[in-house]
Protein chains: 2
Amino acid sequence: MNKIQRLKKNGYRITKPREEILNVLSQRPLTVEEIHTSLQNKKISIDVTSIYRSLDLFKKLGLVTEIELGEGKKRYEFNDKNRHHHHVVCEDCGMISDISLAQEKKLIDSMKKNSKFKITSHSLEFSGLCQDCQC
Amino acid sequence: MNKIQRLKKNGYRITKPREEILNVLSQRPLTVEEIHTSLQNKKISIDVTSIYRSLDLFKKLGLVTEIELGEGKKRYEFNDKNRHHHHVVCEDCGMISDISLAQEKKLIDSMKKNSKFKITSHSLEFSGLCQDCQC
DNA sequence: TTGAATGCAAAGCTTTTGCAATTCA
DNA sequence: TGAATTGCAAAAGCTTTGCATTCAA
């Protein structure tokens, strides 16, 4: 089931702004400002308010994941359920890379087993210097 | 070496506001607002601006760690170097618990070895329901 | 047609900046 | 005393809210 069908199925309307925002959301986590600029570049005029509201809806439907990388603002990324991953951010240039960790499952499972909390989600973010910025 | 001495050693002044902020910072990560309220309760009047500026200094000196738990604001916690840990936050009541994970080192070491980035730090945050909120 | 969604303006929070007054060493 | 630090006011982000208008079904 694609993203548009998923909207419809839940009784929400397929609107131009929503379609455009979904089109622009890639694997790379974007800020609201970046989404807005990206749409403007495509000559699509959408108010930031509508972007915020659309993202809220997408979050609720599980279409989009909200992440914080310590920048003081949120980032949004299209939620590919088949590809659980985390991020590493370059302290110098801000470049963001995806990472998948083989040993991760063990760690999370053990956390779930041992914690008194009922764990529902986690975030693991790395910070460092990317290849270019190490020189 | 205690926190006050650490300030002095680096050529910074020991001032009333700085002392009071350090006194109030506990293991529990606090927001600037919480620090401010906590000081007011002790009849200590400090401007939030000064709190921000002191925290910036403490961060620079490695006395305090800044964390984000997805609340849209930052939290600050006194940095106990002997006790590396992470957090789990209750989605319902906001309660924050510390956690230490035995298997963590392996995961991080492998990340450091395999990543093209030069990893300098990481954050691992869990979200779920605390014991009280599970009922 | 009609409720849902959008745009615009305004406000709400958190955080930062500028500058004169104060304070520590 | 003199530079570092503080308080106050203002501004700068990011995000949310209210309301009239527009739009999808």
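Here is how names work: the chains are called A, B, and so on, in the same order as the sequence lines, proteins then strands, and each is numbered from 1.
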- State which of D:dT5, C:dT6, C:dA4 makes the closest approach to the side chain of A:Arg13. C:dA4
- Roughly how many Å is it from CG in B:Leu55 to P in D:dT6, rounded to a whole number? 11 Å
- Query: Rounding to a whole Å, what distance do you find between B:Ile46:CD1 and D:dT5:P?
  - Reply: 15 Å
- Query: Under 3.5 Å, is there a donor-acceptor pair between the B:Thr120 and A:Glu91 side chains?
  - Reply: yes
- Message: Other residues, nucleotides and ligands only: do more than 12 of their heavy atoms fall within 6.0 Å of NZ on A:Lys59?
- Response: yes
- Note on the structure: A:Lys74 NZ to C:dT15 P, in whole Å, measures 12 Å
- Message: By the 4.0 Å heavy-atom rule, please label A:Thr49 as base, sugar-phosphate, or nothing.
- Response: base
- Query: Looking across every strand, which nucleic acid part, if any, lies under 4.0 Å from B:Lys16 by heavy atom: base, sugar-phosphate, or nothing?
  - Reply: nothing
- Query: With distance as the sole criterion, do the side chain of A:Arg53 and the base of C:dA4 form a donor-acceptor contact below 3.5 Å?
  - Reply: no
- Taking atom P of C:dG7 as reference, at what distance in whole Å does atom CG of A:Leu39 sit? 11 Å
- Side-chain H-bond candidate by donor/acceptor type, A:His85 with A:Glu104, under 3.5 Å: no
- Choose from D:dT16, C:dT17, C:dT6 the nucleotide whose nearest atom is closest to any side-chain atom of A:Tyr52. D:dT16
- Message: From NZ of B:Lys60 over to P of D:dA4, roughly how many Å is that when rounded to an integer?
- Response: 11 Å
- Message: For the CD atom on B:Glu33, are there more than 12 heavy atoms of other groups (residues, nucleotides or ligands in this structure) within a distance under 6.0 Å?
- Response: no
- Among D:dG7, C:dC8, D:dT6, find the nucleotide with the atom closest to the side chain of B:Thr15. D:dT6
- Query: Just wondering, are more than 12 heavy atoms of other shown residues or ligands nearer than 6.0 Å to NZ in B:Lys42?
  - Reply: yes
- Item | Whole-Å gap separating C1' (D:dG13) and CD1 (A:Ile51) | 16 Å
- Message: Can you tell me if A:Ser50 touches the phosphate of C:dG7, counting only side-chain N or O atoms and a distance under 4.0 Å to OP1 or OP2?
- Response: yes
- Message: I want to verify a distance call: between C:dT6, D:dT5, D:dC14, whose nearest atom is closest to the A:Lys73 side chain?
- Response: D:dC14
- Query: To the nearest angstrom, how far is B:Glu68 atom CD from D:dC14 atom P?
  - Reply: 13 Å
- To the nearest Å, how far apart are B:His36 NE2 and D:dT6 P? 14 Å
